[in-house]
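I have placed the structure first, in the form of structure tokens, so that the comments after it can refer back to it.
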Amino acid sequence: MAHREISRGRGPDGTYNPWSSHNQAILRRRRPKPEKLRVNANLRDFVNDKLKQHWSPQQITLHLAQTSPGQPAMNACPETIYRALYNGLLDKRTARLRTRRTRRKKQRRGIPTKNAIPRMRPIHTRPREADERRRAGHWEGDCATRSRTNTSGLTDWRGG
């Protein structure tokens, strides 16, 4: 850890506490700037007009980049347009987009998906008889390789 971080994060008694250091860093960070579509009325009107024509935010962004390349005040990314839509900065009639959603769809990044097979167990928890492959259904790996017999010489349930 950097010396500057430790010296900044010291408490009143002189000891370093990571939790209080983190909270101090949050208080010191810069506040977000005002939303571009809230500040710039020309940009807001342009975006509203294109949304009424059923343009997507991606199409609006590309058009803005082509028509005003040297003017950062007249450029907006699709995320800016989506945020303005769902925060109520743009016209309510155009706030539906093509998907007819009035709210944002939840993004499930980092959240594990539900298993496709209900009650699935890890392979290391299977019973010992499955390792011996004495009953039908215990040699499913052989079916995947299109083998007609399993390793113990027994024919599988397909009757081969």
Side-chain angles (χ1 to χ4, degrees), residues 1-127 130 137-147 158:
M1 191 177 301
H3 178 67
R4 181 176 60 194
E5 169 71 20
I6 292 174
S7 62
R8 262 191 190 171
R10 291 190 197 279
D13 60 349
T15 61
Y16 178 77
N17 184 350
W19 305 109
S20 64
S21 176
H22 177 71
N23 290 335
Q24 288 172 10
I26 288 174
L27 293 174
R28 278 193 307 264
R29 73 179 175 199
R30 292 177 55 190
R31 302 275 58 96
K33 39 185 192 177
E35 296 158 323
K36 195 176 257 192
L37 290 173
R38 185 181 302 271
V39 175
N40 191 343
N42 291 335
L43 181 60
R44 184 174 55 245
D45 293 340
F46 180 83
V47 170
N48 262 330
D49 183 46
K50 295 302 178 188
L51 287 172
K52 285 178 188 172
Q53 296 175 24
H54 301 290
W55 283 33
S56 72
Q58 287 79 9
Q59 290 171 323
I60 296 170
T61 298
L62 288 174
H63 183 72
L64 284 169
Q66 291 171 353
T67 57
S68 54
Q71 303 172 359
M74 283 302 290
N75 286 327
C77 68
E79 180 67 21
T80 301
I81 297 171
Y82 280 115
R83 284 185 184 200
L85 272 171
Y86 295 124
N87 288 339
L89 289 176
L90 298 173
D91 191 10
K92 293 289 183 192
R93 291 174 299 215
T94 61
R96 295 176 119 197
L97 293 177
R98 295 175 181 175
T99 59
R100 301 278 188 213
R101 279 192 201 105
T102 56
R103 290 191 180 169
R104 196 163 194 173
K105 186 178 176 183
K106 282 188 178 181
Q107 301 293 318
R108 298 186 54 86
R109 294 185 191 111
I111 299 171
T113 57
K114 191 176 176 181
N115 282 339
I117 303 171
R119 298 183 312 274
M120 183 172 67
R121 296 189 328 194
I123 196 164
H124 68 273
T125 62
R126 66 183 179 177
H138 287 166
W139 49 82
E140 57 273 355
D142 293 335
C143 294
T145 60
R146 300 182 187 268
S147 171
R158 292 177 291 178

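Start at 1 with the first residue, then count along the sequence. Owing to the predicted nature of the structure, the values given are computational and were not obtained by experimental measurement.
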Q: Sequence neighbours left out, what pairs pass ring-ring contact (aromatic ring centres under 6.0 Å, His included) with at least one residue falling in residues 25-45?
A: none
Q. S21: what forms a side-chain hydrogen bond (donor to acceptor under 3.5 Å, both in side chains) with it, not counting sequence neighbours?
A. E5
Q: Would you please name every residue forming a ring pair (Phe, Tyr, Trp, His ring centres under 6.0 Å) with H63, sequence neighbours left out?
A: F46, W55
Please tabulate, for side-chain N and O atoms in residues 33-45, each donor-acceptor pair with protein atoms closer than 3.5 Å (sequence neighbours left out).
unit_1 : atom_1 : unit_2 : atom_2 : d
E35    : OE1    : R38    : NE     : 3.0
E35    : OE1    : R38    : NH2    : 2.9
K36    : NZ     : P72    : O      : 2.8
K36    : NZ     : N75    : O      : 2.8
N40    : OD1    : N42    : N      : 3.2
N40    : OD1    : L43    : N      : 3.3
N40    : ND2    : A73    : O      : 2.9
R44    : NH1    : L37    : O      : 2.6
R44    : NH1    : R38    : O      : 3.1

Q. For the atom pair CD (Q58) and CD (E79), what is the distance rounded to the nearest 0.5 Å?
A. 10.0 Å
**Q.** Point-to-point distance, once rounded to the nearest 0.5 Å, from CG of N17 to NE2 of H22
**A.** 12.0 Å
Q: Give, for atom OG of S56 and atom OH of Y82, the distance between the pair rounded to the nearest 0.5 Å.
A: 6.5 Å
Q) How long is the gap from CG on L85 to OG1 on T80, to the nearest 0.5 Å? A) 11.0 Å
Q.
Give me the atom names and distance for the closest heavy-atom approach of I81 to A76.
A. CG1-CB, 4.4 Å
Q. Does Q71 have any side-chain hydrogen bond (donor to acceptor under 3.5 Å, both in side chains) partners at least two apart in sequence or in another chain, and if so, which?
A. none
Q.
Minimum heavy-atom separation for H54 and Q59, please, with both atom names.
A. O-OE1, 4.4 Å
Q) With sequence neighbours excluded, what pairs up with P18 under the side chain to side chain contact (heavy atoms under 4.5 Å, CB included) test? A) Y16
